[in-house]
Protein chains: 2
Amino acid sequence: MDETAPQKGTVTQRAIERIKAMIAEGRLEPGQRLPTERDLAAQLGMSRSSMREAIRALTVLGVLEARHGSGIYVTQLEAGDLLETFGVVADLSRGPQLVELLEVRRVLESTATALAAARITADQLAEVEKHLAAMNATDDPEEILAHDLAFHRVIAGAAGNDTMAAILEGLSSRTFRARVWRGYEEEGAFARTRREHAAIHRALVARDPEAARAAAAAHVGEVEEWLRAQLGA
Amino acid sequence: MDETAPQKGTVTQRAIERIKAMIAEGRLEPGQRLPTERDLAAQLGMSRSSMREAIRALTVLGVLEARHGSGIYVTQLEAGDLLETFGVVADLSRGPQLVELLEVRRVLESTATALAAARITADQLAEVEKHLAAMNATDDPEEILAHDLAFHRVIAGAAGNDTMAAILEGLSSRTFRARVWRGYEEEGAFARTRREHAAIHRALVARDPEAARAAAAAHVGEVEEWLRAQLGA
DNA sequence: ATCAGCAAGGTGGTCGGACCACTACCACCC
DNA sequence: GGGTGGTAGTGGTCCGACCACCTTGCTGAT
């Protein structure tokens, strides 16, 4: 049955690898229900405690989903499921690493915006305009931030690459933006932000990918430069 | 002390959030040692089992590091630590999602290669050439793949953005490349790959960022197109 | 005084069992 | 037929014990 236990690493770590392998090999399909914790532990010859730690780890990674009273299921393994952990990176990064993260976001956001200029539908464009208008209609920083996030989220969604959208979502997580925003607003940056968003919107309406790419890159680049200056000071 | 337990979500989930918050707020510095599992569990008013699941989850995320017999420590929270989980995404993605992942890689890899063209040092360039030569000197697919990975790794490192390099590392994880490689080689793609790598190298030597960007984008784009065709067939 | 070697305490790792909270399902009653 | 209750089964939590490993500091010979 089992060939001379490999004995490498902790028992829990082995269980994580085993389950991951089962999914990678297709023995577990997305959405499928796993055996119970007790059965799984017995199958792999370990205690339920260790198996639970493995399951918890894979749950946090977005690979598994535990439903109390029902069972354990494989997620759909879509971009949103697996890349949710990306937000943790943004939340815990500091100093120079934030600039690097912002640089990655600039590259991806500009590409996504360019793609969106070519592919965005009328409905999506209307939604973009809704958030743009809402953003200009209020002075509440909290609300502005929310519509700012939604503005970019709709655009990223219109680009047609869910994986890229999911990464950008993580790179723009609430705490990340809030941290940078705190000081950014105190420099009359709101007016500039509104101008930049308007420029992005114009490029989308004109269906001009290159203009959209430039506008998005400049938009993120502004924040990037500001943050870089902050760190140097 | 504790203000009317929030009682939202599972106990373990709460513990994960609490520890993450401690780090985000700076109460736990990178490299610092945490209290023992037993103490932590007592402090947060939960069992050791639940606390262990929380710690295991954060360990898998690359936030904490447990050293048997010594204690639990916060990692350096560098790009490499936190983005290791990115490899899981690549390993478990399939079908259309692989194409999306490759599209993200094309965007980042071309940018990184362009940056490298401007910033690469003589030593790094020599290392690039070493892997290029080694790649051309053998016909063993396994060895070619290894040098291929190293080739791009050195370039990504020379770009000066560790975060971007770490993401690209995950996007090029062993199993991911191996899976795509399997069928890719059977079409005389090796010769083409060598030509493309040579083109990237020439652009680096010429310190021509735009040429480097184009060469890298074309290189990844080739694989991307091939994979897209495979899925359609 | 120096240092190799050993011993004890502390730490994470594993195990087994017990009980709770919740869900799904089905037989039952109106 | 449609609620209604119960019941078995699931994940969630807790406890206590023991093991494997590291760290520390003492011991003792050199």
Side-chain angles (χ1 to χ4, degrees), chain A residues 2 4-20 22-23 28-76 81, chain B residues 2 4-20 22-23 28-76 81:
Chain A
D2 47 15
T4 65
Q7 275 297 71
K8 61 176 179 179
T10 69
V11 172
T12 302
Q13 196 60 40
R14 244 181 301 159
I16 294 177
E17 298 301 332
R18 289 284 293 269
I19 296 178
K20 261 174 38 182
M22 286 188 205
I23 297 176
L28 286 176
E29 295 289 329
Q32 184 175 339
R33 182 170 183 276
L34 275 69
T36 70
E37 294 179 344
R38 294 164 174 87
D39 287 348
L40 270 177
Q43 283 180 29
L44 301 192
M46 66 182 68
S47 73
R48 192 186 161 205
S49 312
S50 299
M51 178 54 72
R52 271 190 61 78
E53 288 187 21
I55 292 171
R56 171 72 65 174
L58 289 172
T59 297
V60 170
L61 286 180
V63 175
L64 298 182
E65 178 190 357
R67 300 181 205 159
H68 191 168
S70 172
I72 306 166
Y73 302 80
V74 181
T75 67
Q76 291 306 122
D81 300 322
Chain B
D2 46 15
T4 65
Q7 274 298 69
K8 59 175 180 181
T10 69
V11 173
T12 302
Q13 196 60 39
R14 242 180 303 159
I16 294 177
E17 298 301 331
R18 288 285 293 269
I19 296 178
K20 261 174 38 182
M22 285 189 206
I23 298 176
L28 287 176
E29 296 288 329
Q32 183 176 340
R33 181 169 182 270
L34 276 68
T36 69
E37 294 179 344
R38 294 162 175 89
D39 287 349
L40 269 178
Q43 283 180 29
L44 300 192
M46 66 182 67
S47 73
R48 192 186 161 205
S49 313
S50 299
M51 178 54 71
R52 271 192 59 79
E53 287 187 23
I55 292 171
R56 172 72 64 174
L58 289 171
T59 298
V60 171
L61 287 180
V63 175
L64 298 182
E65 179 189 357
R67 299 181 204 159
H68 192 168
S70 172
I72 307 166
Y73 301 79
V74 182
T75 67
Q76 291 308 121
D81 300 322

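Every chain is numbered from 1, with letters handed out A, B, ... down the list of sequences. When reading the values below, keep in mind they use all heavy atoms of this one structure, side chains included, and skip hydrogens, waters and symmetry mates.
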Taking every non-hydrogen atom, the tightest pair across V74(A) and E29(A): CB-O, 3.5 Å
Could you state the atom-to-atom distance from NE2 of H68(B) to P of dG9(C) in whole Å? 18 Å
Under the side-chain contact (heavy atoms from CB on, under 4.5 Å) test against M51(A), which residue among T36(A), L40(A), V11(A) passes? L40(A)
Could you list where the contact with chain A starts and ends along DNA chain D, reading 5' to 3', using a 4.0 Å heavy-atom cut-off? dG9(D) to dT13(D)
If you look at every heavy atom in A15(A) and A54(A), which pair is closest and at what distance? CB-CB, 3.7 Å
Rounded to whole Å, CZ of R14(A) lies from C1' of dT14(C) at a distance of 11 Å
Matching residue for L64(B) among T75(B), L28(B), L34(B) - test: side-chain contact (heavy atoms from CB on, under 4.5 Å): L34(B)
Provide the closest heavy-atom pair for A57(A) versus R56(B) in the form atom of the first, atom of the second, distance. CB-CG, 4.3 Å
On DNA chain D, compare the nucleotides closest to G69(B) and R67(A); which residue's is nearer the 5' end? R67(A)
Would you say a side-chain N or O of T12(A) is under 4.0 Å from OP1 or OP2 of dT14(C)? yes
Please name the pair of heavy atoms, one in Q43(B) and one in P35(B), separated by the smallest distance, quoted to 0.1 Å. NE2-CG, 4.0 Å
Starting at CG of L34(B) and ending at C1' of dT11(C), how long is that distance when rounded to a whole Å? 13 Å
Value in whole Å for how far the P atom of dT14(C) lies from CD1 of I16(A): 10 Å
Is it the case that atom CZ in R33(B) sees more than 12 heavy atoms from other parts of the structure closer than 6.0 Å? yes
Is V63(B) close to D81(B) at the side-chain level, that is, under 4.5 Å between some pair of heavy atoms? no
Residue-level proximity of residues 39-57 of chain A to DNA chain D when a heavy atom falls under 4.0 Å: R48(A), R52(A), R56(A)
Can a donor-acceptor pair under 3.5 Å be found between the side-chain atoms of R38(B) and the base atoms of dG12(C)? yes
